Enquirer: 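Submitted below is the structure of interest, expressed as structure tokens.
On a predicted model such as this, the values are computed, not experimentally measured, just so you know. In listed order, ligands and their atoms are each counted from 1.
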Amino acid sequence: MFDLSRITRSGLVRHVDYHESVGSTNDRALELAARDELPLPLLVLTERQTGGRGRGTNRWWSASGALTFSLLVEAPAEALRPETRSQVALVAGLAVCEALEPLAPRAQWRVKWPNDVYLNGGKVCGILCESAPGQSERLIVGIGINVNNSMAEEKEPAAIAADGVPTGAVALVDFDSLSRELTDVLLAVLDRFDFRWSTLLQSGFRALAADYRQRCLLVGKTVTANLSGRRVVGVCRNIDDFGGLVLATESGSRTIVAGSIEAWQ
Ligand code: BTN
């Protein structure tokens, strides 16, 4: 159970839309984005999500004990140009990574470009950022974190799968057998996101690129990126100042600004 009055008192969000169970918090946030009267940032929060969506064809199962929410935020065009909106996903991944690290400081916390969070080499968090149709100045940041929902007890094949293929999800509880208060974890993530989001709007991505670089999982690895069906293979150098993934390929340096990472080793 979440402590809703504590979440409201934190001042980190101005409206909470709580559900014991919901299909997808991103779908609910998309619905609410059309309602101008609701104050932002708005949080859609649920105990269980039955039809969670991920990037591409991914699905996201949120068993009880997972932290599942979407934030609807104002993204003023003068601060965040349309061509730099993909940076929001990177900022969210960095914020989650920074919020979770103090909960298990001995573990290795990394961001897998663009925005998955990895705990000791396994995916612990997935993020889905979307624009609200017809509401160009509103963005939805959907975040799913495997906190107390042990993967050992998972009845589904894994917390996340693309086309039914398990992708090695992990949960925080499986790292040290400690159960966390989900309200604490949520507030830590919201706090960190608030900080990084303000930096992005005020100073641009360049101001936080160095912190992302320090946590980039793919550095030094041979990466296969899928750019709408076209594959690019190269050794990952890191990200550039705008959040693009820089690969050293056989034909020279390539910067990937949009696409998915299929494999790395
Ligand atoms: C991915 O890894 O492909 C992204 C998964 C994103 C899952 C979160 S859970 C909260 C929010 N609601 C959704 O339907 N999806 C996101």
Enquirer: I'd like to know if R35 pairs up with D17 as an ion pair, taking the criterion as any Lys NZ or Arg NE/NH1/NH2 lying under 4.0 Å from an Asp or Glu carboxylate oxygen.
Expert: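 No salt bridge links R35 with D17.
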Enquirer: State the atoms of ligand 1, each with its element, that fall below the 4.0 Å cut-off from a heavy-atom position in T25.
Expert: 10 (C), 11 (C), 12 (N)
Enquirer: Counting only heavy atoms closer than 4.0 Å, does ligand 1 sit against the backbone of T68, its side chain, both, or neither?
Expert: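 Side chain only.
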Enquirer: Taking NZ, NE, NH1 and NH2 as the nitrogens, is one of them in R106 or D176 under 4.0 Å from a carboxylate oxygen of the other?
Expert: no
Enquirer: Within the 4.0 Å heavy-atom shell around R53, which atoms of ligand 1 are there?
Expert: 5 (C), 6 (C), 7 (C), 13 (C), 14 (O), 15 (N), 16 (C)
Enquirer: Run the numbers for me: atoms of ligand 1, each under 4.0 Å from some heavy atom of N58, listed by number.
Expert: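 Per the distance check, 1 (C), 3 (O).
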Enquirer: Could you go step by step and tell me if D116 and R55 meet the salt bridge (charged side-chain N to carboxylate O under 4.0 Å, His left out) rule?
Expert: CA-CA 11 Å; D116 292 334; R55 286 192 305 279; 3.3 Å; yes
Enquirer: Taking the side chain as everything from C-beta on, heavy atoms only, tell me whether R53 gets closer than 4.5 Å to L128.
Expert: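 Yes, close enough: below the 4.5 Å cut-off.
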Enquirer: Answer side chain, backbone, both or neither: which part of D27 comes under 4.0 Å from ligand 1, heavy atoms only.
Expert: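 The answer is neither.
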Enquirer: At less than 4.0 angstrom from any non-hydrogen atom of F69, what atoms of ligand 1 do you find?
Expert: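 Reading through ligand 1 atom by atom, the close ones are 10 (C).
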Enquirer: Would you call E47 and H19 a side-chain contact if the rule is heavy atoms closer than 4.5 Å?
Expert: no
Enquirer: Hey, looking at atom 2 (O) of ligand 1, which of E130, R55, K123 has the closest heavy atom?
Expert: K123
Enquirer: What are the two closest heavy atoms between V141 and A92, and how far apart are they?
Expert: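 In terms of heavy atoms, the two residues are closest at CG1-CB, 3.8 Å.
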Enquirer: Distance under 4.0 Å to a non-hydrogen atom of G144: what atoms of ligand 1 satisfy this?
Expert: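 Every atom of ligand 1 under 4.0 Å from some heavy atom of G144: 8 (C), 9 (S).
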Enquirer: Side chain, backbone, both or neither: which part of N26 comes within less than 4.0 Å of ligand 1 when only heavy atoms are counted?
Expert: both
Enquirer: Mark up the atoms of ligand 1 that fall under 4.0 Å of a heavy atom belonging to G52, in ascending order.
Expert: 14 (O)
Enquirer: Step by step, work out the side chain to side chain donor-acceptor pair (under 3.5 Å) result for N120 and Q108.
Expert: CA-CA 5 Å; N120 283 355; Q108 190 196 58; over 6 Å; no
Enquirer: Ignoring angles and geometry beyond distance, decide whether S24 reaches within less than 3.5 Å of ligand 1 through its nitrogen or oxygen atoms.
Expert: yes
Enquirer: For ligand 1, which atoms have a heavy atom of G54 less than 4.0 angstrom away?
Expert: 1 (C), 3 (O), 4 (C), 5 (C)
Enquirer: Any heavy-atom pair between the side chains of L218 and L245 that's under 4.5 Å?
Expert: yes
